[in-house]
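Everything below concerns the one structure shown next.
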Amino acid sequence: MDYNFSEIEKRWQKYWEENKTFKTPEELTNPKKCYILDMFPYPSGAGLHVGHPEGYTATDIYSRYKRMKGFNVLHPMGWDAFGLPAEQYAIQTGTHPSVTTKNNCDTFRRQIKELGLSYDWEKEINTTDPKYFKWTQWIFIKLFNTWFDEKLQKGRPVSELKVPEEIKKLGKNEIVKYIRSKRLAYYDNAQVWWCPSCRIVCSNEEVLYDGSHEKCGNKVEKKNLKQWMLRIPLYAERLLTGIDKLDWPEGIKDMQRNWIGRSTGAEVDFSIEGMKEILTVFTTRPDTLFGATYMVIAPEHPLTTKITTAKYKTEVGEYIKAASLKSDLDRTDLAKEKSGVFTGRYAINPVNLKKIPVWVADYVLMGYGTGAIMAVPAHDTRDFEFAEKFKLPIVCIQDPYVTDPDQKKKIIAGRECWTEDGKYINSSDSSTGIDINGLNKEAGIEKITRWLESKNIGKAKVNYKLRDWLFSRQRYWGEPFPVIHWENGEINVLDETELPLELPELEKYLPGETGESPLANSAEWLSITDKSGRKGRRETNTMPQWAGSCWYYLRFIDPLNDNMMFDPVKEKYWMPVDLYIGGAEHAVLHLLYSRFWHKVLFDLGIVSTDEPYTRLFNQGMILAYAYENEAGAKVSADIAEELDGKFYNRETGAELRQIVAKMSKSLKNVVNPDDVVSKYGADSLRLYEMFMGPLDITKPWDDKGVKGVFGFLGRAFRFFSNPGNIVSGNEDVEILKGLHQTIKKVEGDIENLRFNTAISAMMIFINLAIKKGKVTKDTACTFIKILSPFAPHLAEEIWFMIGHEKTISFEPWPEVNEEFLKEDNFEYPVSFNGKLRFKIGLPVSMEKDEIIKIVLNDERAKKWLATGTLTNIIVVPNRIVNIVIKN
RNA sequence: GCCCGGAUGGUGGAAUGGUAGACACGCAGGACUUAAAAUCCUGUGGCCAUAACCGGCUGUGCGGGUUCAAGUCCCGCUCCGGGUACCA
């Protein structure tokens with residue numbers, strides 16, 4: 001019978017839908033549960049891309065497998081539907097973003113359903129649905145009303161925050177200010193990145209290193225705007241230590257660790273000559289204090305202007321002004337040439353009471369540490385560069401652990417920078433009584449930190465790179481903040497009962513050039529008056545797209561609940577997410593933000609686990625072939641022509657190079673899943689996505705490859721659909737062995753998400769079955785079961801054809817019978833000096849001595865034994881024989 | 001610069017320190033067909049040898065090392081991909 005995939009696939013998709021086959025079990029008594037989650041997509045207008053089904057197929061196979069293993073499975077899908085494209089489209093055409101969003105979601109849903117993915121569609125969510133974002137707003141209110149207790153390392157309700165007596169004395173205003181300074185969400189003037197093209201602020205994370213906006217590629221600028229910020233650094237330590245116990249790819253864990261950027265060191269107070277102010281610096285190398293020959297203060301530092309002496313006022317003023325006009329980008333770009341000016345002021349080095357000059361330079365950033373540093377040019381490359389340029393003294397204080405005598409000499413003379421370990425020299429002072437000479441780095445840091453603490457001029461300190469999270473956008477299509485700014489300066493969040501706060505209808509979606517959100521245009525929505533007549537204005541910014549995706553995995557548990565975010569009983573049952581698959585592009589931001597919110601919710605007793613995602617896996621990107629001409633210019637894929645393995649430009653005849661590149665409209669190398677489905681069927685698409693290679697690597701799509709898996713499915717279908725091939729009686733031993741090897745391999749590979757080798761194992765079995773010509777019904781049933789998670793439509797069809805009436809989806813996964821895997825003989829590879837020479841079949845139970853005897857007496861061994869003297873024989877039972885011959 | 005990955009036939013890739021190249025594509029030859037497509041069968045890392053077998057040499061980016069044995073472990077590089085950007 002022909003493999004009519006389109007008819008088969010339609011039939012079973014309809015069956016699953018009508019029978020609600022994949023409805024999540026309601027009873028929560030089964031101790032075996034599995035929550036399997038995909039990173040839900042942003043439904044773009046372009047529709048599904050072949051990259052989407054890669055992760056979705058992987059989780060689907062895993063879900064179907066777990067159901068067959070007797071697990072209660074939660075496997076949902078939804079839409080991360082707030083975002084710029086729908087809003088841009090609204091600006092251009094006037095179409096309301098909700099209309100665009102709905103259309104796009106419909107397309108995505110249709111496409112996804114055509115892949116035969118076993119989602120429970122009753123759990124579908126959409127971040128733009130007021131019933132959903134009601135809870136996003138609700139979480140924001142929680143963040144606003146939470147402070148972080150550093151002692152307990154825990155978020156607590158603001159109602160439990162004790163205001164210090166000295167603040168209470170200062171009156172109501174100061175109390176409010178104090179509380180504001182503690183809330184996890186706060187509203188403040190912030191220097192922010194502004195993208196003039198998108199007319200939106202961006203978080204630090206969204207600005208690429210070349211100073212362009214991640215979303216649109218245009219250059220961003222600095223702006224001072226009032227914005228909502230979240231104090232994620234307070235959770236830095238917990239976010240960092242939490243990483244250790246996660247079953248995530250090590251690379252992603254490293255990226256999160258680097259992003260958090262913990263560094264230990266000390267804060268040291270420097271007194272300023274002629275002033276009572278203190279200049280505090282953060283350093284990871286307090287041990288190098290004796291080598292501090294100058295100081296640098298950031299241009300934005302509050303003390304910079306103050307400490308500048310009259311003589312240097314103009315120069316420093318100009319420098320500060322120039323620095324403020326430069327973006328961080330320019331400051332980074334100019335990294336090769338350091339700039340700076342002297343303030344005229346001196347500070348006192350606390351270890352030896354020497355006067356050292358204070359400079360202003362923009363290589364010191366206000367946003368990290370204290371915004372000022374002690375410069376140790378001999379042992380810090382940046383300081384070294386700066387000191388060389390401005391002829392500042394370089395004092396080496398460490399005899400370096402280096403072997404090259406010339407290099408050693410240079411370092412000690414201060415002509416080369418040494419940042420590694422060494423023995424201290426020049427590091428004692430009788431007037432202050434500190435001496436670390438002779439110690440190494442570790443001991444030096446320890447001793448000098450204790451000395452600083454005892455003198456009360458410094459303390460051990462931990463610093464993080466992680467900064468406050470800029471949490472507002474000047475956009476229409478996002479969650480409105482449930483916030484009112486009153487005319488007297490008070491800021492309130494709405495009462496939970498007033499949620500959701502929905503978006504108003506607008507005529508114009510264009511944001512203002514100055515950073516005004518389009519919501520400011522809606523006068524009616526904007527203004528509000530309370531019972532006592534006090535006037536207020538709603539917050540016009542909206543939340544960034546991260547907001548909805550930060551907690552969506554929680555809503556999937558109970559998406560229709562109108563009274564609660566979710567039923568805690570259900571949350572306790574399903575959480576944490578057991579397997580989470582998505583692209584590595586979310587390695588830092590989404591996953592870090594999401595973990596942060598989760599930890600806050602955990603502290604408030606809202607969720608029952610400390611981490612949301614137990615096991616994470618990143619699928620690799622799918623690329624496609626593209627073409628370029630001799631000069632390296634890209635040529636559109638539709639004018640490339642293949643001839644005898646070479647590629648030519650169809651129009652000019654010039655030879656082209658085939659390269660691998662990201663799919664893009666301009667290269668015309670985008671593969672549309674719909675086309676693949678109509679040509680080969682969803683099962684083939686699913687199988688090919690998995691067969692291409694390991695799930696986590698980047699790999700190129702090759703249409704020819706689909707033919708391979710299509711052929712496999714066709715052969716399997718034709719074989720099992722022919723009643724003459726399915727026989728009764730005892731099964732052939734080779735088939736039994738092959739079958740059980742396959743079950744074992746497929747099971748192990750699914751657990752480890754190695755679907756490519758699982759598929760190849762099934763191909764091997766089908767090749768064997770076809771060679772043998774027939775199998776028993778038991779064998780057919782068993783094989784179809786293990787194939788079913790991969791090619792569910794085809795499996796259901798055959799399952800039905802060989803006489804079953806119910807879906808295969810909940811059939812128990814076959815057990816491996818080790819009996820069938822036992823071998824009587826093992827074919828030993830016999831090598832001489834590591835080189836394979838011949839093979840010999842021997843019983844698996846044979847003793848080493850016996851094996852050696854037989855091998856040495858083998859006719860074929862003689863030739864090699866004659867080449868030298870036998871010195872050693874290694875026999876690894878049931879693995880290898882290696883004979884060592886010396887000439 | 002720093003931190004992570006990676007490099008295996010013409011291609012995608014497979015290989016608990018133990019038979020390198022499973023499986024698939026492509027290609028070549030054959031069967032079926034008037035023909036093509038589809039399907040089926042056979043072969044397929046490179047080099048050498050042979051009438052044909054039997055066979056030999058070589059081979060996992062490069063250079064060293066450990067080991068009876070290295071694609072796999074260690075040291076030193078090269079190239080490619082991802083992340084990051086003066087973080088004191």
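Chain naming here is simple, since letters A, B, ... match the order of the sequence lines and numbering starts at 1 in each.
Base contact: A:V876 has a heavy atom under 4.0 Å from a base atom. When heavy atoms are screened at a 4.0 angstrom cut-off, A:T370 is found touching no nucleic acid atom at all. Counting any heavy atom pair closer than 4.0 Å across all strands shown, A:I874 reaches a base atom. At the heavy-atom level, A:K707 lies under 4.0 Å from the strands shown only through sugar-phosphate atoms. Using a 4.0 Å heavy-atom distance criterion, A:R837 is classed as a sugar-phosphate-only contact. As judged by a 4.0 angstrom heavy-atom cut-off over every strand, A:W248 is placed among residues making no nucleic acid contact. Nucleic acid contact for A:R718: sugar-phosphate only, since backbone atoms but no base atoms lie under 4.0 Å from a heavy atom of the residue. At a threshold of 4.0 angstrom between heavy atoms, the contacts of A:K465 include nucleobase atoms, whether or not backbone atoms are also involved. In this structure, A:N882 reaches the bases: a heavy-atom distance under 4.0 Å links it to at least one base atom across the strands shown. No contact: A:G369 has no heavy atom under 4.0 Å from any strand.
Remark: P of B:C40 and CD1 of A:I766 are 12 Å apart, rounded to the nearest angstrom. In this structure, CD1 of A:I659 is placed 14 Å from C1' of B:C80, rounded to the nearest angstrom. Atoms CZ (A:R715) and P (B:A24) sit 7 Å apart, rounded to a whole Å. Atoms CD (A:Q619) and P (B:G5) sit 20 Å apart, rounded to a whole Å. Rounded to whole Å, the distance from CD1 on A:I880 to C1' on B:A20 is 12 Å. In this structure, A:Y464 atom OH and B:U84 atom C1' are separated by 20 Å, rounded to whole Å. The interatomic distance linking A:L713 (CG) with B:U39 (C1') rounds to 16 Å, in whole Å. B:A22 atom P lies 21 Å from atom CZ of A:F765, rounded to whole Å.
The six-membered or imidazole ring of A:F386 lies near that of A:W359, with a centre-to-centre distance under 6.0 Å. The distance between the ring centers of A:F783 and A:F720 falls below 6.0 angstrom. A distance of 6.0 Å or more separates the ring centres of A:Y625 and A:Y627.
A donor-acceptor contact closer than 3.5 angstrom is absent between the side chains of A:T343 and A:Y319. Between the side chains of A:N463 and A:S263, no donor-acceptor pair is found at a separation under 3.5 Å.
Nucleotides B:A70 and B:G65 place their C1' atoms 11 Å apart, quoted to the nearest Å. For the C1' atoms, the distance from B:C86 to B:G12 is 43 Å, rounded to whole Å. Going from the C1' atom of B:U19 to that of B:A69 covers 12 Å, rounded to whole Å. For B:G21 and B:G9, the P atoms lie 14 Å apart once the distance is rounded to whole Å. The same atom, C1', is picked in B:C68 and in B:C73; the two are 16 Å apart, to the nearest Å. When the P atom is used for both B:A28 and B:G18, the distance is 37 Å, rounded to whole Å. Rounded to a whole angstrom, the distance from the P atom of B:A20 to that of B:C75 is 26 Å. Here the separation of B:A24 from B:U42, taken at their P atoms, is 12 Å to the nearest Å.
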For A:E54 and A:K699, what are the C-alpha separation, side-chain angles and deciding distance, and is it a salt bridge (Lys or Arg N to Asp or Glu O under 4.0 Å)? CA-CA 11 Å; A:E54 191 190 11; A:K699 43 207 176 279; 2.6 Å; yes
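At most 12 non-hydrogen atoms from other residues, nucleotides or ligands lie less than 6.0 angstrom from CG of A:D2.
The side chain of A:N767 places an N or O atom within less than 4.0 Å of a non-bridging phosphate oxygen (OP1 or OP2) of B:A24. Taking side-chain N and O atoms only, A:K835 has no distance below 4.0 Å to OP1 or OP2 of B:C57.
Residues that satisfy the side-chain hydrogen bond (donor to acceptor under 3.5 Å, both in side chains) test with A:S831, not counting sequence neighbours, are A:N882.
Under a 4.0 Å N-O distance rule, the pair A:K253/A:E250 qualifies as a salt bridge.
Considering all non-hydrogen atoms of both residues, A:M374 and A:L289 come closest at SD-CD2, 3.4 Å. Contact between A:P377 and A:C417 at its shortest, heavy atoms only, is O-SG, 3.8 Å.
Within 3.5 Å, no donor on the side chain of A:D254 pairs with an acceptor on the base of B:C4, nor the reverse.
Set against B:C86, B:A88, B:G83, the side chain of A:I373 has B:A88 as its closest nucleotide. Considering only side-chain atoms of A:K704, the nucleotide from B:U19, B:C23, B:G26 that sits closest is B:G26.
If A:K662 and A:I764 are placed on RNA chain B by their nearest nucleotide, the residue sitting closer to the 5' end is A:I764. Comparing A:A584 and A:M763 by the nucleotide of RNA chain B that holds the closest heavy atom to each, the one mapping nearer the 5' end is A:M763.
In this structure the side chain of A:R837 never reaches within 4.5 angstrom of the side chain of A:I883, judged on heavy atoms.
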Dump every N/O contact between nucleotides 10-15 of chain B and the protein below 3.5 Å, one line per pair.
residue, atom, partner, partner atom, Å
B:U11, O2', A:Y625, OH, 3.4
B:G12, O2', A:M692, O, 2.6
B:A14, OP1, A:N756, ND2, 3.0

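In B:G65 the base sits anti relative to the sugar, since the glycosidic angle is further than 90° from 0.
With pairs defined as Watson-Crick or G-U wobble and both atom distances under 3.5 Å, the stems of at least three pairs that touch RNA chain B come out as B:1-7 with B:78-84, B:10-12 with B:23-25, B:26-31 with B:39-44, B:45-48 with B:55-58, B:61-65 with B:73-77.
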